[in-house]
Amino acid sequence: MLTFFSAGTSGAPPQAFLLTGTTFKCSNSRRLRIWAGEFPDFLPKQVENIKDPYARKLASRIERIPVNLSKGCVMSSCVKPKEQTEANPVVLLHGFDSSCLEWRYTLPMLEDAGLETWAIDILGWGFSDLGRLPSCDVASKRDHLYQLWSTHIKRPMVLVGPSLGSAVAIDFSVKYPEAVDRLVLIDASVYAEGTGNLATLPKAVAYAGVYLLKSLPLRLYATSLAFNGLPFSTCLDWTNIGRLHCSLPWWEDALVNFMISGGYNVISKIENVKQKTLIIWGEDDQIIDNKLAVRLHCELPNAILRQIPKCGHIPHVEKPDAVSRLIANFARPDQSQRANPDSVSTISVPS
């Protein structure tokens with residue numbers, strides 16, 4: 001479970017800004033007040049305690065958009081692009097039990113590079129309205145992403161998945177190849193066989209485990225494991241960013257639903273990925289063995305591997321300059337064509 005959990009531990013530094021009131025309408029004609037001062041009013045009140053200005057700024061941009069599923073409309077949380085471009089959009093997923101706030105450092109850099117960039121919360125995690133709790137199993141997460149894409153994005157995308165988000169991305173791209181132009185997999189958690197024995201736990205035990213997963217000590221430990229040498233104050237703030245969504249009233253139910261459903265097992269699907277793929281890996285990842293990066297590179301039909309030195313499990317938080325540069329170069333067809341598709345290299349990162 002720690003391998004899954006650590007992906008969601010993800011926020012140091014421009015100043016947060018204020019947004020004025022705006023009103024949006026869902027497809028069911030129910031009006032939803034989005035902004036209340038600096039932050040959307042649907043975010044847990046604990047957002048006010050976050051110190052990281054980049055996390056505060058990205059949190060102020062989160063909104064909910066309507067996504068119609070078979071059992072009704074889910075107001076789904078995401079960060080929408082500032083502007084639309086002619087190139088295919090970059091769509092950022094997140095890791096296990098996390099949110100779009102993982103991208104607080106890298107998303108602005110991608111926007112500065114001129115890329116149309118979305119950050120999307122996977123169904124069951126993040127800040128979507130799950131008051132009428134839908135199923136949060138793998139099939140439901142896949143369908144939710146497809147409905148969001150077909151309704152709001154509508155173009156082939158560069159789909160980016162970190163940690164367990166890589167399994168989400170692989171599962172989606174194999175099912176809906178027309179929706180994905182290219183893949184970016186970051187410290188990919190794709191060799192776990194679902195949630196294993198956790199799927200067989202009695203519900204009462206599962207809820208007890210999920211309650212423990214929310215605890216500050218465990219989250220602090222996971223954050224310290226994911227990032228080496230963090231000052232305690234930063235570790236505490238990043239932990240609070242990573243667990244902010246856990247304060248929503250449906251979080252426990254959604255997570256238990258996912259855990260007992262069996263989770264992601266995409267091992268057999270890896271060889272069926274047809275899209276060009278960029279694998280990014282932190283050389284000092286203490287969560288997932290670096291050898292699995294090489295295995296994944298060998299098993300994907302059309303992939304390149306770029307390793308980031310002095311970097312752990314969540315490079316888009318720890319080395320956002322390197323990650324944004326790699327994604328930006330890969331997202332532009334004229335740039336990515338220059339790379340040898342069989343190449344493996346360690347990139348140079350300024351200290």
Side-chain angles (χ1 to χ4, degrees), residues 7 87-95 102-103 106 110 113 115-120 122 141-142 145-146 149 153 155-192 264-283 285 288-308 311 313-316 319 322-347:
N88 289 336
V90 174
V91 177
L92 308 171
L93 303 177
H94 55 73
E102 275 190 25
W103 295 100
T106 301
L110 293 173
L115 296 173
E116 178 184 337
T117 308
W118 293 72
I120 292 174
I122 298 167
K141 292 180 190 296
R142 183 196 310 127
L145 180 55
Y146 179 77
W149 171 81
I153 300 175
R155 289 176 291 152
M157 54 186 168
V158 179
L159 187 58
V160 183
S163 196
L164 190 68
S166 294
V168 179
I170 288 175
D171 173 79
F172 182 85
S173 64
V174 171
K175 177 68 174 181
Y176 300 110
E178 72 279 8
V180 181
D181 177 47
R182 294 158 190 250
L183 276 179
V184 180
L185 309 178
I186 303 176
D187 289 72
S189 177
V190 294
Y191 290 110
Y264 281 92
N265 184 349
V266 298
I267 299 173
S268 64
K269 297 182 179 182
I270 293 173
E271 64 180 8
N272 297 321
V273 173
K274 304 305 182 186
Q275 294 85 352
K276 292 180 180 178
T277 304
L278 168 65
I279 304 167
I280 301 174
W281 213 279
E283 284 191 339
D285 190 339
I288 301 178
D289 195 324
N290 191 267
K291 295 178 182 177
L292 293 179
V294 178
R295 175 181 172 182
L296 183 60
H297 175 251
C298 293
E299 293 181 359
L300 283 167
N302 189 1
I304 57 175
L305 171 60
R306 298 291 179 259
Q307 301 184 81
I308 303 178
C311 182
H313 184 62
I314 312 179
H316 49 295
K319 301 285 186 181
V323 172
S324 61
R325 176 157 42 95
L326 287 168
I327 294 175
N329 288 339
F330 182 71
R332 298 187 179 100
D334 58 327
Q335 295 290 329
S336 62
Q337 293 290 345
R338 300 176 187 176
N340 180 345
D342 295 321
S343 66
V344 180
S345 66
T346 299
I347 70 168

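- In this view, K274 satisfies the side chain to side chain donor-acceptor pair (under 3.5 Å) rule with no residue, not counting sequence neighbours.
- Listed by chain and number, the residues in a ring pair (Phe, Tyr, Trp, His ring centres under 6.0 Å) with W281 amount to none (sequence neighbours excluded).
- The minimum heavy-atom distance linking L183 with A169 is given by the pair CD2-CB, 3.8 Å.
- At least one side-chain heavy atom of Y191 sits under 4.5 Å from a side-chain heavy atom of R295.
- D187 approaches P315 most closely through the heavy-atom pair OD1-CG, 3.1 Å.
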> Run the side chain to side chain contact (heavy atoms under 4.5 Å, CB included) check on L185 and I170 step by step: do they pass?
Replying inline: CA-CA 9 Å; L185 309 178; I170 288 175; 3.9 Å; yes
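- Interatomic distance, CD1 of I186 versus CG of L278, reported as 8.0 Å (0.5 Å rounding).
- Heavy-atom minimum distance, G161 versus S166: O-OG, 2.5 Å.
- Atom CD1 of I122 sits about 7.0 Å away from atom NZ of K141, to the nearest 0.5 Å.
- Counting heavy atoms from C-beta outward, P156 and V180 have side chains that stay 4.5 Å or more apart.
- For the pair V174/I270, no side-chain contact is recorded, criterion being any heavy-atom separation below 4.5 Å from C-beta on.
- Looking at V91 and V160, their side chains never come closer than 4.5 Å, going by heavy atoms from C-beta outward.
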>> Would R325 and N329 count as a side chain to side chain contact (heavy atoms under 4.5 Å, CB included) here? Give the steps.
In response: CA-CA 6 Å; R325 176 157 42 95; N329 288 339; 3.8 Å; yes
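- Nearest heavy-atom pair across I288 and A188 is CD1-O, 3.6 Å.
- Between N290 and Q307, some side-chain heavy-atom pair lies under the 4.5 Å cut-off.
- Between W103 and H316, the ring center distance clears the sub-6.0 Å criterion.
- Considering all non-hydrogen atoms of both residues, R142 and D171 come closest at NE-OD2, 2.8 Å.
- Closest approach of L110 and S324 over heavy atoms only: CD2-O, 3.6 Å.
- Ring pair F172/Y146 is tilted by interplanar angle, where 30° to 60° counts as tilted.
- With rounding to the nearest 0.5 angstrom, the OG1 atom of T106 is 8.0 Å from the CG atom of L92.
- Here the side chains of V90 and I327 are in contact, with some heavy-atom distance below 4.5 Å.
- Pairs engaging residues 155-170 under the salt bridge (Lys or Arg N to Asp or Glu O under 4.0 Å) rule: E116-R155 [sequence neighbours left out].
- Distance OG/S163 to CG/D285: 8.0 Å, rounded to 0.5 Å.
- Distance check, rounded to the nearest 0.5 Å: CZ of R182 to NZ of K276 gives 5.0 Å.
- Using modelled atom types, one side-chain atom of E102 and one backbone atom of G95 make a donor-acceptor pair closer than 3.5 Å.
- In this structure, L159 and V184 have side chains that are not in contact, with every pair of non-hydrogen atoms separated by 4.5 Å or more.
- Sparse packing is recorded around NZ of K175, with 12 or fewer heavy atoms of other residues, nucleotides or ligands lying under 6.0 Å away.
- Here L296 contributes atom CG and L305 contributes atom CG; the two are 8.5 Å apart, rounded to the nearest 0.5 Å.
- Put simply, the side chain of P89 reaches to within 4.5 Å of the side chain of I153, judged on heavy atoms.
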